[in-house]
Amino acid sequence: MKALSGKAREVMDLLTKGLHVEGHRVFDNAKGAYMAVHVEKLRLTEQEALYSVAHYFEQNGDLMRDPDMEFMKIGDDYYPVYFRQDGGVALEQEAVVYGPGGKIERYYPKLQADLAAFADRWMRNIKEQQKI
């Protein structure tokens, strides 16, 4: 699997530092100039942690993801495994599909590498926009 680059990993470390399972944090240092960043720790197992990082906007009273990505953390590295974009032409991509008990059932290496490339750029933007 392709992990985030070193600089993107540093941003993820800042975003996720000290989060507990089902813990949530919002970074909104740009006060309306850019969308806030929502970070959540979804689960923790002996092998990994799973985090969600998302931007949201409201459309017709519904929260829309713009985007929402999930990252599996193994050791010190983060691996993007899921992407969802709402609104316009909606898109949902799962590079890793989990089965019962949280075990990986399917893995799509090309998609996962594409998600890692996108996430590297996105983390750079988040760092600049949120001044973290």
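The shown structure was predicted, so the numbers you read here are calculated from the model rather than taken from an experiment.
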Heavy atoms, side chains only, cut-off 4.5 Å: are [X] and [Y] in contact?
X    : Y    : result
L115 : Y79  : no
L50  : Y98  : yes
D77  : M1   : no
M12  : M123 : yes
R65  : Q85  : no
M35  : D66  : yes

Original post:
Who passes side-chain contact (heavy atoms from CB on, under 4.5 Å) against Q130, sequence neighbours left out?
Top reply: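 Checked Q130 against side-chain contact (heavy atoms from CB on, under 4.5 Å); matches are F27, N29, A30, Y34, V37, I126, I132.
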Subject >> Partners meeting side-chain contact (heavy atoms from CB on, under 4.5 Å) with A119 (sequence neighbours left out) >> reply: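 Here the qualifying residues are L4, M69, F71, P80.
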Original post:
Is it true that atom CD of E105 has more than 12 heavy atoms of other residues, nucleotides or ligands lying nearer than 6.0 Å?
Top reply: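 Result for CD/E105: enclosed.
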Subject >> Linked, directly or transitively: V39 and F83 (ILVMFWY side chains, under 4.5 Å) >> reply: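 Linked, V39 and F83 end up in one cluster.
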Subject >> Shared hydrophobic cluster, V11 / F118 (ILVMFWY, side-chain heavy atoms < 4.5 Å) >> reply: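 As far as the 4.5 Å side-chain criterion goes, F118 and V11 are connected within one cluster.
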**OP:** Answer yes if the side chains of Y82 and S52 hold a donor-acceptor pair under 3.5 Å, and no otherwise.
**Re:**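 Judged by distance alone, the side chains do not pair up.
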Original post:
Is any NZ, NE, NH1 or NH2 atom of the basic residue among K17 and D13 found under 4.0 Å from an Asp or Glu carboxylate oxygen of the other?
Top reply: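 No.
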Original post:
Do the side chain of K31 and the main chain of D28 share a donor and acceptor less than 3.5 angstrom apart?
Top reply: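 Yes, K31 side chain to D28 backbone: donor-acceptor pair under 3.5 Å.
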Original post:
Do any N or O atoms from the side chain of E40 and from the backbone of V53 form a donor-acceptor pair under 3.5 angstrom?
Top reply: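 The answer is no, because no donor-acceptor pair under 3.5 Å joins these two groups.
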Between [atom1] on residue [X] and [atom2] on residue [Y], distance to nearest 0.5 Å:
X    : Y    : atom1 : atom2 : value
E70  : R84  : CD    : CZ    : 11.0 Å
S5   : R121 : OG    : CZ    : 11.0 Å
L19  : L44  : CG    : CG    : 11.5 Å
R124 : Q129 : CZ    : CD    : 11.5 Å
R25  : K41  : CZ    : NZ    : 10.5 Å

Original post:
Going through the distances and angles, do E48 and R43 end up as a side chain to side chain contact (heavy atoms under 4.5 Å, CB included)?
Top reply: CA-CA 8 Å; E48 65 173 9; R43 77 168 180 248; 2.9 Å; yes
**OP:** Over all heavy atoms of both residues, which pair between V26 and A36 is shortest? Give the atoms and the distance, please.
**Re:**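 Minimum heavy-atom contact is CG1-CB, 3.8 Å.
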**OP:** Could you go through the side chain to side chain contact (heavy atoms under 4.5 Å, CB included) check for V97 and Y108 one step at a time?
**Re:** CA-CA 9 Å; V97 178; Y108 301 97; 4.1 Å; yes
**OP:** Name all pairs fulfilling the ring pair (Phe, Tyr, Trp, His ring centres under 6.0 Å) condition that reach into residues 46-65, sequence neighbours left out, sorted by first residue then second.
**Re:**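 For residues 46-65: H38-Y56, H55-W122.
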